[in-house]
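Have a look at the structure below before the remarks.
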Amino acid sequence: MAFQGVDFMNIDDLLTDEERLIRDSVRAFVEDKVLPIIEDHYMRGTFPAELVKPMAELGYLGANLKDFGCAGLNNVAYGLIMQELERGDSGLRSFVSVQGSLVMYSIHSFGSPEQKERWLPRLQTGQVIGCFALTEPDFGSNPSGLRTRARKEGDSYIIHGSKAWITNGSIADVAVVWARCDDEQIRGFLVEAGTAGFEARDYHNKHSLRASVTSELVFDNCRVDQSSLLPETESLKSALMCLNQARYGIAWGAVGSALTCYDAARSWSLERKQFADKPIAAHQLVQSKLVHMVTEISKGQLLSYRLGRLKDEGKCRYDQISMAKRNNAAMALETSRLARDILGANGILSDYPVFRHLSNLETVYTYEGTHDIHTLIVGQSITGISAFE
Ligand code: TGC
Ligand code: FAD
């Protein structure tokens, strides 16, 4: 039976008709086009590139941005898209997050009029793919130390350094690269695939996010025209503003993963019989696990929903986004582990979506700021004391 949703606290009543319609249409897309193919892609470690064009046509790329062909949806509708896509697979949501929230948002917010005209319409239609390169081998949680250099030489910049763990790296036509300029400030640059001195190499041995491309990027004195600089980027703060957009989407997306795992566990527990001739759902310990899952999911749904409304009112703070990303990624990971437990041995099979989500969520817990980094961001916010160093 098609997925009916999980709405213990009647959160649907808080959505507008349009938001519900969008959510239901993405849900149908995931049922029809994603679920039949995703497990196979995951097991083979391939990205479902055939879904890019249909997702673009449905308006999912840069859906909460305005103009340049973007759908201009509100942030709750955008969040619901992320939730439903991640109900399919975190890798798919990651693709859409990187394309829209990191790459298109960077150009939309910090690009020149020419850069916007050149890239945004084609990024929206999926004709070109982007990646966002902040992390380096020695600078993950602490990007302020990054070492990639952009040295000015005449009308060019010479980019030199390396980036690690970059989603879409080798399939990207354009990379948003964060590099340190001669004045020591960190700024963003658009580097096109095929530029001499720029190479992307994939990680092939991942146990997580297997239906997503992750690459290392190498810049060996890579010369780009001075017009490649995103002129409105001022410092690391510009990159952090992009991260806020993606973290917001992850807060919703993680709920989607949790919904799949809870739904699978509940259904299984009603079918599976052990000891007496009654389903395992009739045992108190199993009910306790299911109740914990649905309670935490409901709290996660309310957190995302409230964040979305705040974002639409222009009142959403980055520490609030950190709280939601931190809570919902951890909640989804715990939910996936409990679901795996309830499915017993079957929980490790690819016949069920649970272990794929569990493995993905190990990454979701870490990328876009680890769980503990978000703890420190909220900790700093409520105490006024930075505990990073
Ligand atoms: P810090 O001194 O705390 O802050 C510097 C300035 O930036 C401001 N700020 C922010 N502004 C907007 N949004 C945010 N999220 C901000 N966080 C900080 C801050 O107020 C300050 O402003 P001002 O005016 O006082 O100068 O900076 P720090 O260097 O100590 O770093 C702080 C820290 C740890 C929070 C930051 O570096 C961090 O967030 N680290 C985590 C790194 C991270 O999340 N990387 C993600 C890479 S992209 C990715 O993972 C993509 S995964 C694919 C997918 O999305 O699906
Ligand atoms: P580290 O920073 O080395 O952290 C290791 C551990 O130390 C963590 O538990 C962390 O919480 C802890 N730690 C670190 N500092 C502190 C502290 N001050 N106090 C307490 N504990 C601390 N990056 C991009 O730029 N673009 C992408 O598209 C992208 N995609 C990714 C896709 C995948 C599949 C993965 C796995 C990662 C991706 N990343 C991307 C990188 C991601 O953002 C980083 O992995 C993340 O920021 C953490 O950095 P790290 O892995 O170097 O861990």
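Fair warning: this is a prediction, and the values are worked out from it, not measured in the lab.
Ring orientation note: the planes of Trp268 and Tyr352 are nearly perpendicular, at an angle over 60° on the 30°/60° scale. In this pair, Phe68 and His108 present their aromatic rings perpendicular. The plane angle is above 60°, beyond the 30 to 60° band. Ring geometry for His371 against Tyr365 counts as parallel: the plane angle stays under 30°, on a 0 to 90° scale with 60° as the upper cut.
You'll find the side chain of Leu80 stays beyond 4.5 Å of the side chain of Ile22, heavy atoms only. Residues Leu61 and Val96 form a side-chain contact, since some pair of their non-hydrogen atoms from C-beta on lies under 4.5 Å apart. Using a 4.5 Å heavy-atom cutoff, the side chains of Thr167 and Ser212 are in contact. Contact check for Leu209 versus Ser90: side-chain heavy atoms found under the 4.5 Å cut-off. Using a 4.5 Å heavy-atom cutoff, the side chains of Cys316 and Ile321 are in contact. Between Phe139 and Arg147, the closest side-chain pair of non-hydrogen atoms falls below 4.5 Å. Looking only at side-chain heavy atoms (C-beta outward), Ser269 and Leu290 come within less than 4.5 Å of each other. The closest side-chain heavy-atom distance from Asn168 to Phe95 is below 4.5 Å.
For Lys53, the NZ atom sits in a loose shell: 12 or fewer heavy atoms of surrounding residues, nucleotides or ligands are nearer than 6.0 Å. Residue-environment remark: CD (Gln284) stays at or below the threshold of 12 foreign heavy atoms within 6.0 Å. Heavy atoms of other residues, nucleotides or ligands lying less than 6.0 angstrom from CG of Leu302 number more than 12. Remark: Leu349 CG is packed, more than 12 non-hydrogen atoms of other residues, nucleotides or ligands lying under 6.0 Å away. Other residues, nucleotides and ligands contribute more than 12 heavy atoms inside 6.0 Å of the NZ atom of Lys116. Atom CD of Glu313 has more than 12 heavy atoms from other residues, nucleotides or ligands within 6.0 Å. Residue Arg149 qualifies as enclosed at atom CZ: its count of foreign heavy atoms under 6.0 Å is above 12. Within 6.0 Å of the CE atom in Met331, the count of heavy atoms belonging to other residues, nucleotides or ligands exceeds 12.
Lys206 and Thr214 are linked by a side-chain donor-acceptor pair at a separation below 3.5 angstrom, with hydrogens and angles left out of the test. No hydrogens or angles considered: nothing links the side chains of Tyr367 and Thr135 as a donor-acceptor pair under 3.5 Å. Using modelled atom types, one finds a donor on one side chain and an acceptor on the other under 3.5 Å when comparing Gln245 with Lys311. A side-chain donor-acceptor contact under 3.5 Å links Ser304 and Asn328. For the residue pair Asp89 / Asn360, a side-chain donor-acceptor distance below 3.5 Å is found, with atom types taken as modelled. Side chains of Arg201 and Ser170: no donor on one and acceptor on the other come within 3.5 Å. Side-chain contact check for His357 and Ser257: at least one donor-acceptor pair (N or O, by modelled atom type) lies under 3.5 Å.
The hydrophobic clustering, which links ILVMFWY residues whose side-chain heavy atoms are closer than 4.5 Å, places Leu338 and Val354 together. Leu270 and Ile280 fall into different hydrophobic clusters, where Ile, Leu, Val, Met, Phe, Trp and Tyr residues are linked whenever their side-chain heavy atoms come under 4.5 Å apart, directly or through other members. Residues Ile250 and Leu259 do not share a hydrophobic cluster, defined by chaining ILVMFWY side chains whose heavy atoms lie under 4.5 Å apart. There is a path of hydrophobic side-chain contacts, each under 4.5 Å, that joins Tyr318 to Ile373.
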Test log, rule salt bridge (charged side-chain N to carboxylate O under 4.0 Å, His left out), inputs Arg151 and Asp182
CA-CA 6 Å; Arg151 183 166 45 84; Asp182 297 335; over 6 Å; no
Assess whether salt bridge (charged side-chain N to carboxylate O under 4.0 Å, His left out) is satisfied between Arg27 and Glu31, documenting all intermediate values.
CA-CA 6 Å; Arg27 187 168 288 173; Glu31 294 284 330; over 6 Å; no
Report the C-alpha separation of Leu307 and Tyr248 in whole Å, then their side-chain angles, then the decisive distance to 0.1 Å, and conclude whether the side chain to side chain contact (heavy atoms under 4.5 Å, CB included) test is met.
CA-CA 8 Å; Leu307 201 62; Tyr248 170 77; 3.7 Å; yes
When you look at Arg93 and Glu84, which way does the salt bridge (charged side-chain N to carboxylate O under 4.0 Å, His left out) test go after all the steps?
CA-CA 9 Å; Arg93 195 270 309 135; Glu84 294 304 317; over 6 Å; no
side-chain hydrogen bond (donor to acceptor under 3.5 Å, both in side chains) between Asp7 and Gln301, intermediate numbers included
CA-CA 9 Å; Asp7 188 19; Gln301 286 171 320; 5.3 Å; no
Walk me through it: do Glu18 and Arg20 pass the test salt bridge (charged side-chain N to carboxylate O under 4.0 Å, His left out)?
CA-CA 5 Å; Glu18 191 194 3; Arg20 272 194 295 272; over 6 Å; no
Pair Thr148-Glu136, side-chain hydrogen bond (donor to acceptor under 3.5 Å, both in side chains): steps then yes or no:
CA-CA 8 Å; Thr148 298; Glu136 298 188 355; 2.6 Å; yes
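In this structure, CD on Gln127 lies 10.5 Å from CH2 on Trp119, to the nearest 0.5 angstrom. Note: His292 NE2 to Ile297 CD1 = 10.0 Å, rounded to the nearest 0.5 Å. The NE2 atom of His283 sits 11.0 Å away from atom NZ of Lys289, with the distance rounded to the nearest 0.5 Å. Here the CG-OG distance, from Leu190 to Ser227, works out to 9.0 Å after rounding to the nearest 0.5 Å. To the nearest 0.5 Å, the span separating CZ on Phe219 from OG1 on Thr195 amounts to 9.0 Å. Atom CG in Leu303 sits 13.5 Å away from atom NZ in Lys325 (nearest 0.5 Å).
Between Trp252 and Tyr78, the distance from one ring center to the other does not fall under 6.0 angstrom.
In this structure, the side chain to side chain donor-acceptor pair (under 3.5 Å) partners of Asn142, at least two apart in sequence or on a different chain, are Ser144.
Taking every heavy atom of both residues into account, Leu102 and Ala246 meet most closely at CD2-CB, 3.7 Å. Heavy-atom minimum distance, Phe47 versus Ala211: CD1-O, 3.3 Å. Contact detail for Gly88 and Arg356: the closest heavy-atom pair is O-NH1, 2.8 Å. Shown here for Ala281 and Val286, the closest heavy-atom pair between the two residues is CA-CG1, 4.1 Å.
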Contacts table for residues 232-243: side-chain donor-acceptor under 3.5 angstrom, sequence neighbours left out:
from, atom 1, to, atom 2, distance (Å)
Thr233, OG1, Gly188, N, 3.2
Thr233, OG1, Leu230, O, 2.7
Ser235, OG, Lys237, N, 3.2
Ser238, OG, Glu234, N, 3.0
Ser238, OG, Ser235, O, 3.4

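A salt bridge does not link Glu271 to Lys278: none of the charged nitrogens lies less than 4.0 Å from a carboxylate oxygen. For the pair Glu362 and Arg337, the salt-bridge criterion is met [side-chain N within less than 4.0 Å of a carboxylate O]. Salt-bridge formation is detected for the pair Asp12/Arg23: a Lys NZ or Arg NE/NH1/NH2 atom is positioned less than 4.0 Å from an Asp or Glu carboxylate oxygen.
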